[in-house]
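Scope of the values below: all heavy atoms of this structure, side chains included, with no hydrogens, waters or symmetry mates.
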Amino acid sequence: MGRIRVLSDNVANKIAAGEVVERPASVVKELLENSLDAAATRIRIEIEGGGRKLIAITDNGCGMGQDDAMLAFERHATSKIHDADDLLNIDTLGFRGEALPSIASVSRLTLETRQFADAVGTRIEIAGGKLFKVEETGVPPGTAITVRDLFFNVPARKKFLKAESTELSHIASLVTHYALAHPDKHFELHSATHNMLIASPVQTHAERLYQIFGRDTLDQLIPLAAEADLERVGIPKPPPWRRTEDYESPAPGKARLRGFVSKPELQKLNRNSIFVFVNQRLVRDRLVQHALADAYRNIIPPTVFPVVLLFLEMPSAEVDANVHPAKIEVRFRQQTFVHDFVRDSVRAALMKARPVPQFTREISAQPTAAAALSPGAGLPRNLEEPHEVAGFILTAPAPPPRTAALAFDGAEFLDGSGITAMPHVATIAAANFEHRTIEQTIRCGQIPEDALGSIESEDGVAPQLASLRPLGQVRDSFILAVNHEGLWIIDQHVAHERVLFERVLKQRASESVPVQKMLMPIVVQLTPGQQAVFAEISDELRHNGFEVELFGSRTIVVKAVPAGVETCDIESMLGELLVEFERERQAMNLDAVRQRIAASIACHAAIKVNMPLEQNKMEWLLHELAKTECPMSCPHGRPVVLRYSVKDIQRAFKRI
């Protein structure tokens, strides 16, 4: 007798359940997506025991007849696709036909459903994959699925579940973000003791975000809207999108990106607060994650992550959703286009907003804003408290009036037209060298009197910084300044670093980097790994003002460096660059190399802390900082300025 045998349906369903049903939130995700595919406009979810005891989802969707209800529990039975060609053009959230049989094989499941045209509905009971009852019943139109005793017949899987509060927080996060993705639908989430989320339909994503999280969260996020023409990057125009009641597709041949990204001062220690929807499907995608990291490069430190809520909409023929059993990953046909589109759109929104970091007291005083988008937020001790549970608002405030939303988002975001995707921000026009002499002589105090000019009237100047008047220094390291908005503190080193960083990039783009020759060449020893890295970046070093040659097997000699870099810093600067690139060789690209070199030059050439500055030097530095594209953070992501607003001062003195 042969050793290979065909597995029974019961075993096969349990194997599929191991791939699809990871935890109670996985069950909620599959059933919630089925409700959305059924064109439901009202979805109610009830949870007990963190989803172990009970998961009940009721919707007012199209429902099913008895024959379809029976077939729905067969493996690979689905109404979403008909042949293999449909896999290349999936425009529904579910399509694999594995969710219901997998869930039914590891729980006690009851299905009640009725189509609008039917006089009676159908009730089906299944336990551990075995059918127990099929009968007619009187139920309202739509579908109600009740899942009890999850993993009752798979105790090993049940042991891997976390505490009830943890599982509940995962469910709350999932439901909340699907509610954000579908602002035109009504969502309810109830636990055994209280209502966790009630979100009535609104018109825009901004209104939904306000409705669930409130104004404080909105104030820390930057709205984003961009659209790109796929034909311009060589993608043929797809057939017209099918339009359904619950989803308005972008125009044929277009890609659209909408959502919100956090200001630089709102930082998280992991990626749990990054949520990306591709054609309204919640996914984890490394390509988009990398694009977001590129967008925030030189704005936040590389060890922290932003809060992001993005909705990417593309023709379904350009997205392959059939790459993961739980449908949490996708593959893009034009990966380079998607990466650059997301990166440039997010970067353009950050550059346009120029957010000002506030004192951390304001951020920490609003825990919902910092933790609301994190699925790991814990439950409060007092479950009766009507404010928030697992970081989510329990009693949602009324949506703002239409005029209020317009005031926050701007007409471009609300009407869907948005902005056109911009070219990469690192491709900068030819440099302007009007203040190069000033920059080179700032330490010597030889600033020309006519170089300061009129700050307020110059184009391209950030108005908030342009009106600053320096008062003095704190420990010769931080500049104190004031304007009509309040008190500002500027880190002089990182402020000068930001100015130099953008100037080096401009000089590099125009091939006019000022160079200073060395009186005595410097010899630097390399490790084998650093030698390989040097061979890759030597050409870029030359374009940035370094004259470096190989001198022996693992030795280089430095004959010239960019102007402004001290001789004593050359060896350490090259060593740091080579070590960093050696550590990140797999992710190294020309743009990253260019920005990393520019950041290193700026860091070593910038004025240092504990350095006294005269009044005209401080004024010049603030003037130059105001002209930069991103004046609020240094190339390494540290904040440049902190603002203590007039309202904060009034609040501190108990005037408000």
Side-chain angles (χ1 to χ4, degrees), residues 298 426-446 493-494 496-585 588-608 611 624 634-636:
N298 309 128
T427 306
I428 304 174
N432 181 355
F433 300 103
E434 289 181 1
H435 297 286
R436 187 173 64 184
T437 304
I438 305 172
E439 188 62 47
Q440 293 173 346
T441 59
I442 187 171
R443 299 183 184 180
C444 303
Q446 301 173 358
H493 170 69
V494 295
H496 196 202
E497 190 176 343
R498 166 55 65 177
V499 172
L500 287 175
F501 172 72
E502 295 192 9
R503 181 163 300 164
V504 169
L505 288 178
K506 292 178 181 179
Q507 293 170 348
R508 167 64 181 87
S510 62
E511 297 288 345
S512 55
V513 179
V515 177
Q516 59 185 19
K517 291 285 186 177
M518 306 289 296
L519 292 177
M520 292 292 294
I522 297 178
V523 179
V524 180
Q525 298 291 331
L526 304 179
T527 65
Q530 291 174 348
Q531 184 179 10
V533 172
F534 174 76
E536 295 185 26
I537 69 171
S538 58
D539 187 61
E540 188 59 36
L541 286 173
R542 179 177 57 81
H543 285 294
N544 279 275
F546 290 93
E547 185 180 339
V548 185
E549 298 177 356
L550 283 173
F551 186 72
S553 58
R554 293 206 310 267
T555 305
I556 58 175
V557 58
V558 183
K559 298 181 178 179
V561 295
V565 178
E566 297 288 346
T567 305
C568 58
D569 294 334
I570 295 173
E571 185 172 357
S572 61
M573 181 175 64
L574 286 175
E576 292 170 4
L577 280 172
L578 293 172
V579 169
E580 289 177 0
F581 287 131
E582 183 182 13
R583 188 185 305 120
E584 302 176 10
R585 284 190 66 186
M588 191 166 57
N589 57 66
L590 180 60
D591 183 62
V593 170
R594 187 170 299 169
Q595 294 196 19
R596 188 69 60 83
I597 292 174
S600 183
I601 294 172
C603 182
H604 287 84
I607 60 176
K608 304 298 190 287
M611 180 177 182
E624 291 296 302
C634 81
H636 301 95

*Do the side chains of F534 and L541 get nearer than 4.5 Å, heavy atoms only?*
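In contact.
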*For the atom pair CG (N544) and CD1 (I597), what is the distance rounded to the nearest 0.5 Å?*
5.0 Å
_Closest contact, heavy atoms only, D539 versus R542_ =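 Distance-wise, the nearest heavy atoms are OD1-NH2, 2.5 Å.
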*Check whether any side-chain heavy atom of P514 sits under 4.5 Å from a side-chain heavy atom of Q507, and report yes or no.*
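Yes, their side chains come closer than 4.5 Å.
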_Criterion side chain to side chain contact (heavy atoms under 4.5 Å, CB included) against E571, the qualifying member of V558, V524, V523_ =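 Per the side chain to side chain contact (heavy atoms under 4.5 Å, CB included) rule, the option paired with E571 is V524, out of V558, V524, V523.
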*Write down the atom of A605, the atom of L500, and the distance for their closest heavy-atom approach.*
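For A605 versus L500, the nearest heavy atoms are C-CD1, 3.7 Å.
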*State the CD1-CG distance between I601 and L577, to the nearest 0.5 angstrom.*
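Between atom CD1 of I601 and atom CG of L577 there are 8.0 Å.
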_Note, V561 side chain near Q516 side chain (heavy atom, < 4.5 Å)_ = yes
_To the closest 0.5 Å, what do you measure between NE2 (H543) and OG (S538)?_
9.5 Å
_Do R508 and E540 have side chains that approach each other closer than 4.5 Å (heavy atoms only, starting at C-beta)?_
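Yes, close enough: below the 4.5 Å cut-off.
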*Sub-4.5 Å side-chain heavy-atom contact between E502 and L505*: no
*asked:* Testing the basics here: between H636 and A599, what is the closest heavy-atom pair and its distance to 0.1 Å?
replied: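 Here H636 and A599 meet closest at CE1-O, 3.9 Å.
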*Between CD on residue E576 and CG on residue D569, distance to nearest 0.5 Å*: 9.0 Å
*Is there a side-chain contact between L578 and I537, using heavy atoms and a 4.5 Å cut-off?*
yes
*Can you find a pair of side-chain heavy atoms, one from H604 and one from S572, that are under 4.5 Å apart?*
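SC-SC contact between H604 and S572 confirmed.
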*Which atoms form the tightest heavy-atom contact between F501 and Q595, and what is the distance?*
CE1-O, 3.4 Å
*Quick one: closest heavy-atom pair of L526 and Q531, and the distance?*
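It is CD1-CA, 4.0 Å.
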*Could you state the interatomic distance from NE2 (H493) to SG (C634), rounded to the nearest 0.5 Å?*
7.5 Å
*Rounded to the nearest 0.5 Å, how far apart are SG of C603 and CZ of R498?*
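So the gap between those two atoms works out to 12.5 Å.
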*Return the minimal non-hydrogen interatomic distance between T567 and M518, and the atom names on each side.*
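The answer is CG2-CE, 3.6 Å.
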_Any non-hydrogen side-chain atom of K517 less than 4.5 Å from a side-chain atom of E547?_
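With C-beta onward as the side chain, the pair touches.
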